[in-house]
Amino acid sequence: MAETNFVDYVKICCRSGKGGRGSMHLRHVKYNYNGGPDGGDGGRGGNIYLRGNRNYWTLLHLKYDRHIFAEHGGNGGRDKCHGTDGKDKYIEVPCGTVVYDAETGKYICDVTYDGQEVLLLKGGRGGLGNFHFRTATNQAPRYAQPGEPMQEMTVIMELKLLADVGLVGFPNAGKSTLLSALSTTHPKIANYPFTTLEPSLGIVGYRDNRSFVMADIPGIIEGASEGKGLGLRFLRHIERNSLLLFMVPGETDHIKKEYEILLNELRKFNPDMLDKHRVLAVTKSDLLDEELKTMLKEELPEDVKVVFISSVTGEGLMELKDVLWSELNSESNKLQSAISEDTIVHRDKDLNRLSQEMHDEQMDDEIVFIDEDEIEDVEDLEDYEYDEK
């Protein structure tokens, strides 16, 4: 059974500290037998914070630490001694982590930049000692406040990768090959569907020592919104991207139809993603001659820029980088990105999808991945059963 170090979904139980109880003590010492109340206050319970940390790239460090508890506050003492405050607990998360309530699916917070701190659970306040309840008519109160109870919550943390360009396409469209050709990243490449099982990032170098970040996600197929293939689980990684690069192989019978299928799946997942700028790359163009390319251009969609590329021969790669850089730095894209950052809306999770995600998370440890060395031909895939996740 293969384990991956890329973890973008965890469910953890968090609990803040409860407040310490106040002391009910009456001072009684030599030469001062009626010293009156001197019970101290209880300490507050520890809070639980989320803190963005740019040194983390996944949620792997939280996968085996599913219970995070803050310290309880200490009880008050005699001589007005204050109880010790419980230590706060900080959960370090990578930038781009979104948190939801696991029971209701309600959106809680979003950690987007390094050093950002978000209060997740507040510790209980300490109770007041009997010293605070003394009055002229009640000079020896024999009661004190208990501390406030702790807060407990089970949360779901999802990581959404921060990148400039997101790759969208069917399996075997050439996304991983393009990423390996444009950057120093070495994703897994093979001649069978769903080779990519986890998202990957690559830094693409451009002219004058400039660069931008490209994100590759596992391929989606028609009906992914209904759970077919790998589903839409990894599409959240391109929700924050400024630009979407659609990739359709040139050997496809109907390029425009496949492009519209991909758009429809994005629409079902999040309609706001269609507001992003888009570029269409026709891959494997080394298999096409100039006459066929001219015929295909007449059938391609007119509302998007189209580039013919070949990651193997390098055809059109520089032109593609020019188009991507131009779109990323266009005024309309900058304006759209600024509006999206200021007005980004995280929808609450649908309870039906939430239950499916919880089931998928439990099944992750039971999935057996196929080694490419065990497959001699693409037709051998018929002998294996794929998980519908």
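- Within a 6.0 Å sphere centred on NZ of Lys293, other residues, nucleotides and ligands contribute more than 12 heavy atoms.
- Taking all atoms of both residues into account, the shortest heavy-atom contact from Asp114 to Arg54 is OD1-N, 2.9 Å.
- Pairing each heavy atom of Glu258 with each of Pro249, the nearest pair is OE1-CD, 4.3 Å.
- Of all heavy-atom pairs between Cys109 and Leu50, the closest is SG-CD1, 3.5 Å.
- Nearest heavy atoms, Tyr56 versus Pro94: O-CB, 3.1 Å.
- Salt-bridge annotation for Glu148 and Lys18: absent, with no side-chain N of the basic residue lying under 4.0 Å from a carboxylate O of the acidic one.
- Aromatic ring orientation, Tyr143 versus Phe133: tilted (interplanar angle from 30° to 60°).
- Nearest heavy atoms, Arg51 versus Val111: C-CG1, 4.4 Å.
- Nearest heavy atoms, Leu328 versus Ser242: CD2-CB, 4.0 Å.
- Atoms CG and SG, from Asp65 and Cys13 in turn, are 11.5 Å apart once rounded to the nearest 0.5 Å.
- Proximity of a side-chain donor or acceptor of Lys321 to a complementary backbone N or O of Val204 within less than 3.5 Å is not detected.
- Using a 4.0 Å cut-off between charged nitrogen and carboxylate oxygen, Glu299 and Lys256 do not count as a salt-bridge pair.
- The backbone N or O of Gly127 sits nowhere less than 3.5 Å from a side-chain atom of Gln145 that would complete a donor-acceptor pair.
- Surrounding CG of Asn209 are at most 12 heavy atoms belonging to other residues, nucleotides or ligands under 6.0 Å away.
- For the pair Asn241 (side chain) and Leu244 (backbone), a donor-acceptor distance under 3.5 Å is absent.
- Salt-bridge annotation for Arg44 and Asp88: present, with a side-chain N of the basic residue lying under 4.0 Å from a carboxylate O of the acidic one.
- Between Asp41 and Lys80 there is no salt bridge, since no side-chain N of the basic residue sits under 4.0 Å from a carboxylate O of the acidic one.
- Within a 6.0 Å radius of CD1 in Ile203, other residues, nucleotides and ligands contribute 12 heavy atoms or fewer.
- Listed for the Ser285 side chain is a donor-acceptor partner under 3.5 Å among the backbone atoms of Ile309.
- Put simply, the side chain of Thr58 gets close to the backbone of Leu60: a donor and an acceptor are under 3.5 Å apart.
- A donor-acceptor pair under 3.5 Å links the side-chain atoms of Gln116 to the main chain of Thr112, judged by distance alone.
- Going from atom OH of Tyr90 over to atom CG of Asn53 covers 13.5 Å, rounded to the nearest 0.5 Å.
- Between Glu71 and Arg15, none of the side-chain N atoms (NZ, or NE/NH1/NH2) sits under 4.0 Å from a carboxylate O, so this pair counts as no salt bridge.
- A donor-acceptor contact shorter than 3.5 Å is absent between the side chain of Thr283 and the backbone of Met247.
- Ion pair Lys160/Asp8 not flagged as a salt bridge, since none of the NZ, NE, NH1 or NH2 atoms sits closer than 4.0 Å to an Asp/Glu carboxylate oxygen.
- Relative ring orientation between Trp325 and Phe212 is described as tilted, the plane-to-plane angle lying within the 30° to 60° band.
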